[in-house]
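Letters A, B, ... mirror the listed sequences (proteins, then strands); counts begin at 1. On a predicted model such as this, the values are computed, not experimentally measured, just so you know.
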Number of protein chains: 2
Amino acid sequence: MFKVNKLTDYATVVLIDIARTDTVRSSQRIAERTGIPMPTVAKLMKSLHRAGLVASTRGAGGGYSLCRPAKDISVADVIQAVEGPIALTACADTSDEECNIQKLCPVQGKWNRVNTAVRSALSEVTLADMVDEVATFGRKTFDAPAVVTPAVVTSAVVTEVR
Amino acid sequence: MFKVNKLTDYATVVLIDIARTDTVRSSQRIAERTGIPMPTVAKLMKSLHRAGLVASTRGAGGGYSLCRPAKDISVADVIQAVEGPIALTACADTSDEECNIQKLCPVQGKWNRVNTAVRSALSEVTLADMVDEVATFGRKTFDAPAVVTPAVVTSAVVTEVR
DNA sequence: AGTAAACAGGACCCAATTAGTCCCGATTGG
DNA sequence: CCAATCGGGACTAATTGGGTCCTGTTTACT
Ligand code: FES
Ligand code: FES
């Protein structure tokens, strides 16, 4: 099945959660809010930080926060942060426009066209879209606390605090 | 890394090869022409057949052939044939427009939008595109036999017979 | 009819990848 | 100085995917 990593799904959940109340929070806190195991959250946040999606502050009272507004973070960004470059085939590994063995390969860059198409498709949806959706959903349909569940995983639950 | 299966890459190579000289050929023959191990080819062809991309004739002298013109077979078709439904997250498992737990999930179908975008992107490139590319490439650049190599794999080689 | 060439389906194993855990060093606020 | 917290990376467990094989069925050809 053609799908994204579980960690990518986690990442969207975490980021959406952060985006909704834009304050600094620790991995610990995130783990509690999302139900994702703490060590996994820690690992995840490292990736997101390295990719420049979240800012981190160290030391006591430190934690993570978005370093761009949610509307400037696309699904493609998240995928690339967690899984590395979007490259449907190994030949387009570097994620730029050149196939590395293009001169020899007869499929000759055709996969790149597909790659590009997919990448741009993934760039069209931003976190902000998802946040909005979550917000309106939470209020319109339920009076209950909004719940953020990774699409892939059923155990992760965000209990809306305050 | 966000990528397609190796088998999917194989599949494109095999299909392109078949498309170029549209005759019936056995798995055995395909294996020889592509350099992909015979048992793997066999497995692959079964998937492609089940998905209705190739027609098979049994018995001695039997084999496979395309059952639609190459221009009506998209990359999306190939991926779906080999890997199953294109569903970036488990929630959209069935590959239709409905998320199965949409009523409960706050990300609420947003992944479907991404899914759809990706699917349509993958539908834009057809085998015919790739075949053309291969043909012109083979003639223009080399006088040597055209070689079809899966982008992912370096060992598979098609020796242009006749 | 008999035989050999092929496909169909599925069980199965091994390798590769991914998910998840843990530890230790570096920072920083109190 | 101490406690909280991030950063990097090593390591293990779980899952997936690649690849093989076996058994049965269909069909052409002699
Ligand atoms: S080198 Fe890119 S398609 Fe082959
Ligand atoms: S049910 Fe589809 S996004 Fe959650």
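- Against DNA chain C, the stretch residues 38-56 of chain A makes heavy-atom approaches under 4.0 Å through Pro39(A), Thr40(A), Lys43(A).
- Rounded to whole Å, the distance from CD1 on Ile79(B) to P on dG17(D) is 13 Å.
- Following rounding to the nearest Å, Phe2(A) (CZ) and dG17(D) (P) show an atom-to-atom distance of 12 Å.
- For the pair Arg29(A) CZ and dA4(D) C1', the interatomic distance rounds to 15 Å; values are reported in whole Å.
- Distance from the side chain of Tyr10(A) is smallest to dG20(C) among dC6(D), dG20(C), dA8(C).
- Close to dG20(C), at under 4.0 Å from its OP1 or OP2, lies a side-chain N or O of Lys6(A).
- Taking atom CD1 of Ile36(A) as the reference point, atom P of dT21(C) lies 12 Å away to the nearest angstrom.
- Checked by atom type, the side-chain pair Thr23(B)/Arg25(B) shows a donor-acceptor distance below 3.5 Å.
- For the pair Leu7(A) and Arg58(A), nearest-nucleotide mapping onto DNA chain C gives the more 5' position to Leu7(A).
- Closest to the Lys3(B) side chain, of the nucleotides dT27(D), dT20(D), dT18(C), is dT18(C).
- For the pair Thr57(B) (side chain) and Gly63(B) (backbone), a donor-acceptor distance under 3.5 Å is present.
- Side-chain atoms of Glu124(A) and Asp129(A), non-hydrogen and from C-beta on, never get closer than 4.5 Å to each other.
- Lys6(A) places none of its side-chain heavy atoms less than 4.5 Å from the side chain of Thr40(A).
- Nearest-nucleotide mapping onto DNA chain C: of Thr57(B) and Glu83(A), the residue sitting toward the 5' end is Thr57(B).
- As rounded to whole Å, 15 Å separates atom P of dT26(D) from atom OH of Tyr64(B).
- Map Ala60(A) and Ala60(B) each onto its nearest nucleotide of DNA chain D; the residue landing nearer the 5' end is Ala60(A).
- A 4.5 Å side-chain heavy-atom check between Arg119(A) and Leu122(A) finds every atom pair outside the cut-off.
- What separates CG of Asp9(B) from P of dG17(D) is a distance of 16 Å, to the nearest Å.
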Begin from the C-alpha positions of Thr126(A) and Asp77(A) and carry the test side-chain contact (heavy atoms from CB on, under 4.5 Å) through to its verdict.
-> CA-CA 9 Å; Thr126(A) 71; Asp77(A) 293 329; over 6 Å; no
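- Atom CD of Gln28(B) and atom C1' of dA5(C) are 11 Å apart (whole Å).
- Residues Tyr64(B) and Val14(B) form no side-chain contact, since every pair of their non-hydrogen atoms from C-beta on lies 4.5 Å or further apart.
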